[in-house]
Amino acid sequence: MEQRFYDAVMANPIIAAVKDDKGLQSCLRRREIRVVFILYGDICSIADIVAAVQNAGKIALVHADLIYGLSPKEIAVDFLQQNAGVDGIISTHQNLIMRARELRMYTVLRVFILDSMSLAEAGSMSSVGPDFLEILPGVMPDIIRRLHAATKIPLLAGGLIDSKKDAIGALDAGATAISTTNEAVWEM
């Protein structure tokens, strides 16, 4: 993992996830926010959204699965790097994460923990090599503890974190940071 990304996450373990222009503008005004997860946009608007984040001195990671007009093919990662200048991607697709790693981009592999099978699969993601493994929902401290012990990949907790208590619970359980769209949690 490149040190700049890791240092930014460690400096502020609250990652702003934005799902619309209102959230983007709010996040850009906050100096303490260092990393932004972009969860919206399309192939026509994503470059402008990324530029706004980077012009504010923040690291921009785009959730490739949520950008309208992209497919879950490796070429989508090339497009995001070459045409939108993203710093990195978030994805549930291992092939996209591996392509982004080849391109030396920051990577977050997002995993939904729905049952014991998905938990076991998440514990075996080391071969994919993401910078971070993001666990959703992030309000499961016992599961975060188990994954933290089972994998060498730094963990992020995301999804359903809407209070200081949820954030602290995830961090205390072993998550390196949390991501949330909840602006009240950004202020922690």
Side-chain angles (χ1 to χ4, degrees), residues 1-2 5-19 23 27 33-40 58-67 72 77 80 86-101 105-188:
M1 170 184 333
E2 187 180 313
F5 182 35
Y6 187 76
D7 289 347
V9 171
M10 293 304 291
N12 183 3
I14 307 298
I15 298 170
V18 296
K19 58 185 176 182
C27 138
I33 298 292
R34 302 227 178 149
V35 178
V36 179
F37 285 2
I38 301 167
L39 310 180
Y40 77 106
K58 302 172 189 316
I59 296 173
L61 276 82
V62 170
H63 195 318
D65 306 357
L66 300 179
I67 303 306
V77 179
L80 287 170
V86 304
D87 296 307
I89 68 160
I90 305 154
S91 182
T92 60
H93 299 281
Q94 295 176 28
N95 62 317
L96 298 186
I97 296 298
M98 289 188 287
R99 178 61 183 152
R101 298 287 297 160
M105 298 168 69
Y106 306 140
T107 56
V108 175
L109 179 60
R110 186 173 263 194
V111 179
F112 293 92
I113 305 298
L114 305 173
D115 54 25
S116 59
M117 288 174 47
S118 59
L119 177 60
E121 186 176 326
S124 67
M125 291 297 168
S126 295
S127 63
V128 178
D131 293 314
F132 287 96
L133 185 64
E134 184 177 24
I135 306 306
L136 285 93
V139 290
M140 303 181 300
D142 290 339
I143 299 299
I144 292 169
R145 271 188 208 88
R146 287 171 59 185
L147 277 174
H148 181 67
T151 183
K152 301 264 190 260
I153 304 169
L155 300 177
L156 303 177
L160 301 178
I161 296 176
D162 63 1
S163 71
K164 183 176 182 176
K165 178 184 172 193
D166 293 338
I168 291 172
L171 295 169
D172 286 346
T176 302
I178 63 108
S179 71
T180 182
T181 59
N182 188 317
E183 294 182 34
V185 178
W186 296 354
E187 296 176 10
M188 284 184 34

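These numbers come from a predicted model, not from an experiment.
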Checklist line | Nearest-0.5 Å distance that lies between atom CD in E134 and atom OG in S179 | finding: 3.5 Å
Margin query: Pair V111, L136 - check side-chain contact (heavy atoms from CB on, under 4.5 Å), show working.
Written below: CA-CA 6 Å; V111 179; L136 285 93; over 6 Å; no
Margin query: A quick test of your reading: do over 12 heavy atoms of other residues, nucleotides or ligands sit less than 6.0 Å from CZ of R145?
Written below: yes
Item checked: Residues D65 and R110 bridged, charged N to O under 4.0 Å -> no
Notebook entry, point to check: What's the spacing between H93 NE2 and M98 CE if we round to 0.5 Å?
Noted result: 12.0 Å
Checklist line | Derivation of the side-chain contact (heavy atoms from CB on, under 4.5 Å) call for F37 and I89 | finding: CA-CA 9 Å; F37 285 2; I89 68 160; over 6 Å; no
Next item on the list: Quick one: pull up SG in C27 and CD in E183 and give me the separation to the nearest 0.5 Å.
Entry: 8.5 Å
Next item on the list: Provide the closest heavy-atom pair for P72 versus N95 in the form atom of the first, atom of the second, distance.
Entry: O-ND2, 3.2 Å
Check: Are the side chains of M105 and D87 in touch, meaning some heavy atoms are under 4.5 Å apart?
Finding: no
Check: With side chains defined as the heavy atoms from C-beta onward, is the minimum distance between L61 and I38 less than 4.5 Å?
Finding: no
Checklist line | Close side-chain approach of F132 to F5, heavy-atom, < 4.5 Å | finding: yes
Next item on the list: For residues I59 and R34, determine if any side-chain heavy atom of one lies less than 4.5 Å from a side-chain heavy atom of the other.
Entry: no
Item checked: Exam field: side chain K164 to backbone V185, donor-acceptor pair closer than 3.5 Å -> no
Note to self: Quick check for you: to the nearest 0.5 Å, what is the distance between I67 atom CD1 and H63 atom NE2?
What the structure shows: 9.0 Å
Next item on the list: Go through the structure and list residues passing side-chain contact (heavy atoms from CB on, under 4.5 Å) with H148, not counting sequence neighbours.
Entry: L155
Margin query: Using every non-hydrogen atom in the two residues, find where V9 and A177 come nearest and quote the distance to one decimal.
Written below: CG1-CB, 3.5 Å
Next item on the list: Sort out for me which residue in V18, V62, T181 forms a side chain to side chain contact (heavy atoms under 4.5 Å, CB included) with L39.
Entry: T181
Next item on the list: Going by the side chain to side chain contact (heavy atoms under 4.5 Å, CB included) test, name the single residue among I90, V35, I15 that passes it with V108.
Entry: I90
Checklist line | Shortest non-hydrogen contact between P141 and A173, atoms and distance | finding: O-CB, 3.3 Å
Checklist line | Short side-chain to backbone donor-acceptor contact, T151 and L147, under 3.5 Å | finding: no
Notebook entry, point to check: Considering only heavy atoms from C-beta outward, does the side chain of F112 approach that of T92 to under 4.5 Å?
Noted result: yes
Notebook entry, point to check: Who are the side chain to side chain donor-acceptor pair (under 3.5 Å) partners of D172, not counting sequence neighbours?
Noted result: none
Notebook entry, point to check: Taking atom OG1 of T176 and atom CD1 of I153, what is their separation to the nearest 0.5 Å?
Noted result: 11.0 Å
Margin query: I want to check something: taking the side chain as every heavy atom from C-beta on, are M188 and I168 in contact at a cut-off of under 4.5 Å?
Written below: yes
Next item on the list: Heavy atoms only: give me the nearest S91-L96 pair and the separation to one decimal.
Entry: OG-CD1, 3.4 Å
Check: When rounded to the nearest 0.5 angstrom, what is the spacing between OG1 in T107 and CD1 in I97?
Finding: 5.0 Å
Notebook entry, point to check: Do you know which two heavy atoms are closest between L109 and V128, and how far apart they sit?
Noted result: CD2-CG1, 4.3 Å
Next item on the list: Answer yes or no: is there a donor N or O on one side and an acceptor on the other, between the side chain of T180 and the main chain of I161, under 3.5 Å?
Entry: yes
Checklist line | For S163, all residues meeting side chain to side chain donor-acceptor pair (under 3.5 Å), sequence neighbours excluded | finding: D166
